[in-house]
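Here's the structure we're looking at; comments come further down.
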Amino acid sequence: MATDEAEQHARELAAAAIAAGDPTSWFERLYAEAEAGTAVVPWDRRAASTLIARWLDEQQVTGHGKSAVVVGTGLGDDAELIASLGFDTVAFDISPTAIAAASRRHPGSAVRYQAADVISPPAAWLHGFDLVVDGLALQSMPDPPRAQALAAIGRLVAPGGRLLVTARAREHGEPVTGPPYALTRDEIDAIAGPGLRITSLEELRDPPGMTPGRRWRAVYQREQ
Ligand SMILES: C[S@@+](CC[C@H](N)C(=O)[O-])C[C@H]1O[C@@H](n2cnc3c(N)ncnc32)[C@H](O)[C@@H]1O
């Protein structure tokens, strides 16, 4: 299946899930179809995200003695990169089939892969991680439930910890035909909240090595 076809199929699955009133059920369906060999996961790069990898490199991030969580880990390539920097890493996804596939793709991994929903994570994770990375989960969700996820993701950040969000960008009022559902500046702002502020926001146009388009790269920090 070509990339265009794979993306079109993902959009059809998302539209059907929204129409059925279960807007995130299409992720599990898509991963299950991929397991069965009847679909392709369109975002499976078999490599870590370019924007996340560049940020880790630019910021010279190291993780020894620190914890990290990857939200919407998919097949685990970002999580493996983060664990390789020394972070004690948890990576979760709403799709149990994705989690099983990530564990198989990275045998012997130090990452703890787990099925969970960012909107209702285990209580032990709240304010629990020095580094929280959005693995394109926010831009993949229709609204609802995206607004709930925007409000929830910051709750994973420990005091003094950081949250990195990368997502496709759109202007307020610009129509959104996803997935992916590009985020507006208002949505980027909505991720911040009491005790969690934006410390850096870049709007990147046609970043090299990526499909053309505008992207946000936002960093948030929780106060101590
Ligand atoms: C666009 S994919 C990106 C996957 C992976 N991070 C990557 O870059 O290849 C978004 C991922 O978010 C997951 N996801 C969607 N909604 C979620 C939720 N509410 N909680 C946790 N994961 C979710 C999906 O199952 C999917 O694997």
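Every value quoted in this text rests on a predicted model; they were computed, and no experiment measured them. Both counts, for ligands and for their atoms, begin at 1 and track the order of listing.
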Short version for Asp44: what comes under 4.0 Å of ligand 1, heavy atoms counted, is neither
among protein heavy atoms, the one nearest atom 25 (O) of ligand 1 is Asp93 OD1, 2.6 Å
Should Leu75 be listed as contacting ligand 1, given a heavy-atom distance under 4.0 Å as the test? no
So for Ser140 against ligand 1, with non-hydrogen atoms under 4.0 Å, the contacting part is side chain
Out of Gln139, Met141, Arg46, the nearest non-hydrogen contact to atom 16 (N) of ligand 1 is supplied by Met141
The answer for which part of Ser49 has a heavy atom under 4.0 Å from ligand 1 is neither
shortest atom 19 (N) of ligand 1-to-protein heavy-atom contact is with Asp117 OD1, 2.9 Å
**Request:** Say whether Thr24, considering both its backbone and side-chain N or O atoms, lies within less than 3.5 Å of an N or O atom on ligand 1.
**Result:** no
For this session: For the pair Arg105 and Asp44, find out whether any cationic side-chain nitrogen is under 4.0 Å from an anionic carboxylate oxygen.
Result: yes
Note: heavy atom closest to atom 5 (C) of ligand 1, options Pro145, Pro142, Gly72, belongs to Gly72
Under 4.0 Å between heavy atoms, the region of Glu28 that gets near ligand 1 turns out to be neither
Atom 3 (C) of ligand 1 has as its nearest protein heavy atom Gly135 O, 3.2 Å
So for Phe27 against ligand 1, with non-hydrogen atoms under 4.0 Å, the contacting part is side chain
- Message: Main chain of Arg168, side chain of Gln139: is a donor-acceptor contact present, judged purely on distance under 3.5 Å?
- Response: yes
